[in-house]
Number of protein chains: 2
Amino acid sequence: MSQAFRLKQAIEDAVIAGEFRPGDRLDEASLAERFGVSRTPIREALLQLGAEGFIDVRPRRGAIVSVPSPTDLFEMFETMAEIESACGRLAARRLTPESDAAMEAAHRACEAAAHRGDSEQYYADNRNFHEAIYRASRNSFLADQAFALHKRLSAYRRIQLRARNRLLQSLQEHAGILEAIRAGDEQLAATRLHNHVLVQGERFSDMVLGLAGDRRSARASSTSGTAK
Amino acid sequence: MSQAFRLKQAIEDAVIAGEFRPGDRLDEASLAERFGVSRTPIREALLQLGAEGFIDVRPRRGAIVSVPSPTDLFEMFETMAEIESACGRLAARRLTPESDAAMEAAHRACEAAAHRGDSEQYYADNRNFHEAIYRASRNSFLADQAFALHKRLSAYRRIQLRARNRLLQSLQEHAGILEAIRAGDEQLAATRLHNHVLVQGERFSDMVLGLAGDRRSARASSTSGTAK
DNA sequence: TAAGATAGCTTTGTATACAATTAGCACGAA
DNA sequence: TTCGTGCTAATTGTATACAAAGCTATCTTA
């Protein structure tokens, strides 16, 4: 399985990096050639990625990078908002000096990137900031869930961070979140994180839909699932 | 992949049914013989189950049914509590007549089983009740996450529902949850669900640890991960 | 007797071959 | 032109063969 695990990571990275776009076919033979292995470990990697919901493996019809509908995306962002706010609530309850320092450092990095207007760097630092919060929940299982979903959404998150003023607004929201966690105010930390994440989802939905419509009605129209 | 998907389900069922206990080795050759297929689809099934966190696949050392530590279990129950309360919060916000009817029906079934003292049946009906809440969130992605985690915890949940009086207490909690969702009280629904789930985790931890100790201190002692 | 090394057996990982299903395309009819 | 039908090529699914790593038991040595 050594190869299969390495390949799983490599394919996942390629998807995250945007080398394979949503809807692209992940052909076993070409991937095998590209990585210089046989189809066997490629298939094993693809099936694992499929089980994690990263790609769509349709029996007998090959694997493709999943193409979440706007509804799917909204549901994923809403779920992310719930999970992140849970992390924030626990972080506020269980804050340690180490967690505090980690979040502080990540926040400082975001600050620097935002003031330089470097959105690529902000994107990376933003991720560190959020991951610091996940860890601060001191629940590694919950944190792992948060990591996984964060990764799955990263492609969509990146796009909408491009707007300059969103960068500064995001930074301010971070400051508020950190403040609430430090104050030990579980409720406030949860609420602020929830809004922070959900506003990203809404902005993205708007961008995709090309309209400033009511998300409630958009959501309610479909019941299709996404995972496996 | 047709075979592989069927096998994945079959092996998962066997694990849930307790046929394979935590720590048991899932030998590729014996599974292949048992199901009358070659090792290839067996491997594919095992790797998928591994990616979902259902079993532990250690490269070159075979797959075993995962053995979560008490800390892991507590973290999983705590995460389940957070996800379920999120479902309850959304259910209260978005309640429809259909969701209401589904939850009502499931609750009635629980009631009947509880009064007969039929814990096996209550176990099944309880699952339906919780799944009705997940669906009532009208967020299928979140609901899928909840289903998945519920399944992973089912083995541990079953054990502690054996206690007779816990059955009746559980039923009463269900009634309170349903009431809060119907009243549209998001906060109350979330809180009640959170407590309902977490008390199960605590009871289980107590059972496992064989002591009525302080869970906070138990938790804090480890930082080991679980997922993939 | 205990500890360590080694040989042999067991099990996993990868490649390859073949079977089976799907998808694309040409062709013909309405 | 458009829809349906059948054929061909490409792709996936499974089995099998072989290579490589891990495990166990035995034998040697202190």
Side-chain angles (χ1 to χ4, degrees), chain A residues 1-15 19-69 224-228, chain B residues 1-15 19-67 224-228:
Chain A
M1 283 163 187
S2 209
Q3 288 274 44
F5 277 59
R6 193 178 64 79
L7 293 168
K8 177 186 153 204
Q9 194 62 45
I11 295 171
E12 184 181 304
D13 289 347
V15 170
E19 189 173 342
F20 298 113
R21 313 294 259 325
D24 282 2
R25 251 167 98 35
L26 296 168
D27 180 63
E28 294 177 5
S30 357
L31 287 169
E33 191 182 19
R34 165 173 173 166
F35 291 108
V37 297
S38 78
R39 279 175 49 223
T40 309
I42 294 287
R43 280 177 62 79
E44 294 184 346
L46 290 177
L47 287 167
Q48 288 181 80
L49 290 171
E52 288 176 16
F54 230 90
I55 64 176
D56 232 46
V57 180
R58 307 157 303 173
R60 294 239 171 243
R61 307 191 50 212
I64 62 169
V65 180
S66 15
V67 250
S69 70
S224 76
T226 293
K228 28 166 179 100
Chain B
M1 284 164 186
S2 208
Q3 287 276 43
F5 277 62
R6 193 178 65 78
L7 293 167
K8 177 188 155 203
Q9 193 62 47
I11 295 171
E12 184 181 303
D13 290 346
V15 170
E19 189 172 343
F20 299 112
R21 312 295 256 328
D24 282 2
R25 254 170 92 44
L26 295 168
D27 179 61
E28 294 177 6
S30 357
L31 287 170
E33 192 183 18
R34 165 173 172 164
F35 291 108
V37 297
S38 79
R39 279 175 49 223
T40 309
I42 293 287
R43 280 178 63 80
E44 294 184 346
L46 290 178
L47 286 168
Q48 289 182 79
L49 290 171
E52 290 175 16
F54 230 91
I55 63 176
D56 233 46
V57 180
R58 307 158 303 174
R60 294 246 172 238
R61 305 191 53 212
I64 61 169
V65 179
S66 15
V67 250
S224 76
T226 293
K228 48 185 164 67

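Chain naming here is simple, since letters A, B, ... match the order of the sequence lines and numbering starts at 1 in each. Computed from a prediction, not measured in an experiment: that's the story for all the values here.
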Spacing of [X] atom [atom1] relative to [N] atom [atom2], expressed in whole Å:
X        : N       : atom1 : atom2 : result
Leu26(A) : dT12(D) : CG    : C1'   : 14 Å
Glu44(B) : dG13(C) : CD    : P     : 13 Å
Arg58(A) : dT21(C) : CZ    : C1'   : 14 Å
Phe5(B)  : dT14(D) : CZ    : C1'   : 15 Å
Leu46(A) : dG13(D) : CG    : C1'   : 14 Å

Checklist entry - Can you name the salt bridge (Lys or Arg N to Asp or Glu O under 4.0 Å) partners of Arg34(B), sequence neighbours left out? => result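 Expected list: Glu19(B).
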Next on the checklist: Taking side-chain hydrogen bond (donor to acceptor under 3.5 Å, both in side chains) as the definition, give me every residue that meets it alongside Gln9(B), ordered by chain and number, with sequence neighbours left out.
Outcome noted: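 Scan of Gln9(B) (side-chain hydrogen bond (donor to acceptor under 3.5 Å, both in side chains), adjacent residues dropped) gives Asp13(B).
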Next on the checklist: Using the side-chain hydrogen bond (donor to acceptor under 3.5 Å, both in side chains) criterion, which residues pair with Ser30(A)? Sequence neighbours excluded.
Outcome noted: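 Partners of Ser30(A) under the side-chain hydrogen bond (donor to acceptor under 3.5 Å, both in side chains) test: Asp27(A).
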Checklist entry - Who are the side-chain contact (heavy atoms from CB on, under 4.5 Å) partners of Ser66(B), not counting sequence neighbours? => result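 By the side-chain contact (heavy atoms from CB on, under 4.5 Å) rule, Ser66(B) matches Asp56(B).
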Item to check | Close side-chain approach of Gln3(B) to Phe35(B), heavy-atom, < 4.5 Å | outcome: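 Gln3(B) vs Phe35(B): side chains apart.
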Next on the checklist: Quick check: do Arg43(B) and Leu46(B) have side-chain heavy atoms less than 4.5 Å from each other?
Outcome noted: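 They are not in contact (no side-chain heavy atoms under 4.5 Å apart), so the answer is no.
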Next on the checklist: To the closest 0.5 Å, what do you measure between CD1 (Ile55(B)) and CG (Leu49(B))?
Outcome noted: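 If we round to the nearest 0.5 Å, Ile55(B):CD1 and Leu49(B):CG are 5.0 Å apart.
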Measure all distances between protein nitrogen or oxygen atoms and nitrogen or oxygen atoms of nucleotides 6-11 of chain C, and list the pairs falling under 3.5 Å.
| from | atom 1 | to | atom 2 | distance (Å) |
| --- | --- | --- | --- | --- |
| dT11(C) | O3' | Arg25(B) | NH2 | 3.3 |

Next on the checklist: Set out, in order, the CA-CA distance, both residues' side-chain angles and the distance that settles salt bridge (Lys or Arg N to Asp or Glu O under 4.0 Å) for Arg39(A) and Glu44(A), then state yes or no.
Outcome noted: CA-CA 9 Å; Arg39(A) 279 175 49 223; Glu44(A) 294 184 346; over 6 Å; no
Next on the checklist: So if I define the base as every atom that isn't primed, P, OP1 or OP2, how would nucleotides 15-22 of chain D read as a B/S/- string at a heavy-atom cutoff under 4.0 Å?
Outcome noted: BB----SS
